[in-house]
Amino acid sequence: SSSNMQQQTDYINSIVELSDNLGEMAYNLRDKSMEIKMLIDIGFVIDHLEKEGYSNENLIDICDRLNITTTYVADKTGYVHYCNEEIGRGVNLFEFDESLKHLLEGADYVATPIKERAEDKKIYKFLSVYRNNWIIELGLDLSASSGD
């Protein structure tokens with residue numbers, strides 16, 4: 001009887017462990033799929049700004065068309081010149097995330113773990129690239145999908 005109880009406990013523990021592993025794999029898959037979508041979208045944003053000109057109005061236009069929550073366009077110092085949301089204009093991205101400096105050192109892109117956005121504490125996923133002397137960072141607001 002004692003041996004059977006131990007086997008059942010071991011079996012239940014292995015099921016719980018497998019369930020936890022599946023949950024982690026699903027989270028990682030969601031995170032990577034968001035990064036792929038963001039990389040595609042960031043290409044569209046760059047193309048649009050290069051064609052139409054860098055301005056808040058053009059940024060708002062492309063973000064609305066692509067259903068992008070937030071896009072920051074900053075110079076090499078991290079200073080945000082353009083943002084489709086007024087809250088992001090004039091901030092310094094390096095003050096929020098020093099890992100973005102890796103872009104200036106040749107990194108293809110920097111993706112952050114899901115975290116709170118400094119400006120308003122909403123839950124966001126960020127992805128940034130350095131193209132045409134601009135740091136372009138996309139942010140997806142995940143607050144609604146996380147149950148907040």
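Keep in mind the model is a prediction, meaning the values are calculated, not measured.
- Cation-pi geometry between K115 and Y124 is not met at under 6.0 angstrom from the ring centre and within 45 degrees of the axis.
- Taking each heavy atom of G78 and F94 in turn, the nearest pair found is N-CE1, 3.5 Å.
- Listed for the N84 side chain is no donor-acceptor partner under 3.5 Å among the backbone atoms of C63.
- Atom CG of N67 is surrounded by 12 or fewer heavy atoms from other residues, nucleotides or ligands within 6.0 Å.
- In this structure, E35 pairs ionically with K125, as a charged nitrogen and a carboxylate oxygen lie closer than 4.0 Å.
- Using a 4.5 Å cut-off between side-chain heavy atoms of Ile, Leu, Val, Met, Phe, Trp and Tyr, with links allowed through other members, V80 and L138 fall into different hydrophobic clusters.
- Hydrophobic cluster membership is shared by L66 and Y109, with clusters built from Ile, Leu, Val, Met, Phe, Trp and Tyr side chains linked at under 4.5 angstrom.
- Going from atom CG of L93 over to atom CD of E137 covers 5.0 Å, rounded to the nearest 0.5 Å.
- The backbone N or O of I15 lies less than 3.5 Å from no partner atom in the side chain of S19, so there is not a single donor-acceptor pair.
- Among D10, T9, N4, the one residue that satisfies the side chain to side chain donor-acceptor pair (under 3.5 Å) test with Q6 is D10.
- Without hydrogens or angle criteria, D97 side chain to S99 main chain gives a donor-acceptor distance under 3.5 Å.
- Note on V45 and I36: same hydrophobic cluster, where clusters join Ile, Leu, Val, Met, Phe, Trp and Tyr whose side-chain heavy atoms are under 4.5 Å apart, directly or indirectly.
- Residues T70 and C83 come closest through the heavy atom pair CG2-SG, 3.9 Å.
- Counting heavy atoms from C-beta outward, K122 and D141 have side chains that approach closer than 4.5 Å.
- Rounding to the nearest 0.5 Å gives a distance of 14.0 Å between OH of Y72 and OH of Y79.
- Between the side chains of H48 and D61, at least one donor N or O lies within less than 3.5 Å of an accepting N or O.
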Q) What's the verdict on side chain to side chain contact (heavy atoms under 4.5 Å, CB included) for D41 and L127, showing C-alpha distance, side-chain angles and the deciding distance? A) CA-CA 10 Å; D41 285 350; L127 186 133; over 6 Å; no
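- Of the inter-residue distances, the one linking H81 atom NE2 with I135 atom CD1 reads 10.0 Å to the nearest 0.5 angstrom.
- Atom CE of M25 sits about 10.0 Å away from atom CG of L18, to the nearest 0.5 Å.
- Distance alone, capped at 3.5 Å, is enough to place a donor-acceptor pair between the S143 side chain and the I123 backbone.
- Between T112 atom OG1 and D31 atom CG the span is 8.5 Å, to the nearest 0.5 Å.
- Ring pair Y54/Y82 is tilted by interplanar angle, where 30° to 60° counts as tilted.
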Q: Mind running side chain to side chain contact (heavy atoms under 4.5 Å, CB included) on M34 and I114 for me, showing each step along the way?
A: CA-CA 11 Å; M34 277 191 287; I114 295 170; 3.9 Å; yes
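- Listed by first then second residue, pairs satisfying salt bridge (Lys or Arg N to Asp or Glu O under 4.0 Å) with a partner in residues 70-87 read E85-R117, not counting sequence neighbours.
- With hydrogens and angles ignored, the 3.5 Å screen pairs no side-chain donor or acceptor of S128 with any backbone N or O of L100.
- L140 CG to I68 CD1: the interatomic distance, rounded to the nearest 0.5 Å, is 8.0 Å.
- Criterion: ILVMFWY side-chain heavy atoms under 4.5 Å apart, direct or through other members. Under it, Y130 and I42 are not part of a common hydrophobic cluster.
- By the rule that hydrophobic residues join a cluster once side-chain heavy atoms approach within less than 4.5 Å of another member, L49 and L39 end up as members of one cluster.
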